[in-house]
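Note on naming: letters A, B, ... go to the chains in the order of the sequence lines (proteins, then strands), and numbering restarts at 1 for each one.
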Number of protein chains: 2
Amino acid sequence: MSHAQAPSSGPAPRLLKINEVAAETGLTTRTIRYYEEVGLLEPAARSEGDYRLYDASDLDRLQFIRSLRDDAGFSLAQIGQMLEDEAARARNRERLLGTTDPRERRIYLAEGLERVERQIGLLEAKAARLGSMIDEARARRERIEAGIAELDAAGAAPLATTSSPSPTPEPAS
Amino acid sequence: MSHAQAPSSGPAPRLLKINEVAAETGLTTRTIRYYEEVGLLEPAARSEGDYRLYDASDLDRLQFIRSLRDDAGFSLAQIGQMLEDEAARARNRERLLGTTDPRERRIYLAEGLERVERQIGLLEAKAARLGSMIDEARARRERIEAGIAELDAAGAAPLATTSSPSPTPEPAS
DNA sequence: GCTAACCTTTACGTGAACGTGAAGGTTGTG
DNA sequence: CACAACCTTCACGTTCACGTAAAGGTTAGC
């Protein structure tokens, strides 16, 4: 009778203990508890003996936090902001489903749109500046490749002209 | 005769004291000294009384550090790595200009290419993951906009069908 | 019902990236 | 040369994002 699914309840949520969550997400248990401490996520439930129990949406949320932290390089405070936006989004969704009044629906949608656009703006600003850094690096690469190609061309006919000062500019770095 | 340019010397380098550099870069003097402490940049010179004196290239370097830190979100250790690469690049450039032996030149260019490609790889990885996050956010935005458009459409002909359960799915947030 | 393997809270430790004095030397302007 | 406004080098303090150990409670298998 480990967790014999009650016949009345739904799809048997399958809750995970913190160690399993850590294995799944690549975070440490300490980190997960810390994220709870600073308000980034509450476990879906607690066991009888107060064990933290996480569901699938908690997993998603942790992965989202991780990608915001590692991929986008946001601080936990900024991530908290974005997650609050997510929460507001969810509340709005509830309200959206709860009404059919077009005026209300329009208001909720407009709020959601504003938040999403704020997020997109933050991410795009980061991406744009990163992109220009990449462009610069690529330009440097191409100058180097041009230099190598030039050597190849010279090497293809190395004995032809021993002293041909061809007007090839120095590939700067 | 504040700084009457010696007729023999070149373009009068115009060196800045640390406070001026701070104003120019938006960093604090402490931060600039700290970056020196951890080896990110040495001031171009010191005054008679040991004041730090910075030139234009120092300014560039600090701006570069700042954009790597703020825009790309790299740690100072990673930035140090990239700057070492830059230094190696510069040294290679010297050697490149100092030789005409194709074999040497090819070696230097190959080394430079490797480093630049490493940098590009780091930056592109970051950009790619950031990009997929942006895609997700954009997808959410489009669902919201679809919801609004739907409301607009319904509003354009609001009195036509009072009970037409059109098969329009709920725009999930 | 005993025990190993997990979990809990509490609390102090750590490395990165600076902030903030303290105590004294330097510079340039009147 | 006096003096305000810089600068210098210690050196300790702080915030963030966790690591790590201590002292105990819980769960699952036998």
Do side-chain atoms of [X] reach the backbone of [Y] as a donor and acceptor pair under 3.5 angstrom?
{"X": "B:R105", "Y": "B:T99", "result": "yes"}
{"X": "A:E20", "Y": "A:K17", "result": "yes"}
{"X": "A:K126", "Y": "A:A72", "result": "yes"}
{"X": "B:R61", "Y": "B:L40", "result": "yes"}
{"X": "A:S67", "Y": "A:F64", "result": "yes"}

For this session: Find which nucleotide of DNA chain D each of A:D50 and A:Y35 is nearest to by heavy atoms, and output the residue with the more 5' nucleotide.
Result: A:Y35

Exercise. Quick one: on DNA chain D, does A:T28 or B:G49 contact a more 5' nucleotide (nearest heavy atom)?
Worked result: B:G49

Output the rounded distance in Å from [atom1] ([X]) to [atom2] ([N]).
{"X": "B:E37", "N": "D:dC12", "atom1": "CD", "atom2": "P", "value": "14 Å"}
{"X": "A:L68", "N": "D:dA17", "atom1": "CG", "atom2": "P", "value": "13 Å"}
{"X": "B:R69", "N": "D:dC16", "atom1": "CZ", "atom2": "P", "value": "16 Å"}
{"X": "B:R52", "N": "D:dC6", "atom1": "CZ", "atom2": "P", "value": "17 Å"}
{"X": "A:E48", "N": "D:dT27", "atom1": "CD", "atom2": "P", "value": "7 Å"}

Exercise. Does A:E114 CD have over 12 foreign heavy atoms under 6.0 Å away?
Worked result: no

For this session: Go through residues 70-84 of chain A and report each residue with a non-hydrogen atom lying under 4.0 Å from DNA chain C, sorted by number.
Result: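 Close to the strand, none.
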
For this session: May I ask you to say what A:S47 touches in the nucleic acid, namely base, sugar-phosphate or nothing, with a heavy-atom cut-off under 4.0 Å?
Result: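 If one applies the 4.0 Å heavy-atom cut-off, A:S47 turns out to touch the sugar-phosphate alone, with no base involved.
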
Exercise. Contact class for A:R33 vs. all strands (heavy atom < 4.0 Å): base, sugar-phosphate, or nothing?
Worked result: base

For this session: Taking only Lys NZ, Arg NE, NH1 and NH2, and the carboxylate oxygens of Asp or Glu, determine whether B:R91 and B:E111 approach each other closer than 4.0 Å.
Result: no

Exercise. Is any NZ, NE, NH1 or NH2 atom of the basic residue among B:R141 and A:E124 found under 4.0 Å from an Asp or Glu carboxylate oxygen of the other?
Worked result: no

Exercise. When only distance counts, do a donor and an acceptor, one from the side chain of A:Y34 and one from the base of D:dG19, lie under 3.5 Å apart?
Worked result: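 Side chain to base: no pair below 3.5 Å.
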
Exercise. Does B:R95 have any side-chain hydrogen bond (donor to acceptor under 3.5 Å, both in side chains) partners at least two apart in sequence or in another chain, and if so, which?
Worked result: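 For B:R95, the residues satisfying side-chain hydrogen bond (donor to acceptor under 3.5 Å, both in side chains) (neighbours in sequence not counted) are B:N92.
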
Exercise. Could you give the start and end, 5' to 3', of the contact zone on DNA chain C for chain B, using atoms under 4.0 Å from its heavy atoms?
Worked result: C:dA17 to C:dT27

For this session: Could you say whether A:L53 or A:R30 is positioned toward the 5' end of DNA chain C, judged by the nucleotide with the nearest heavy atom to each?
Result: A:L53

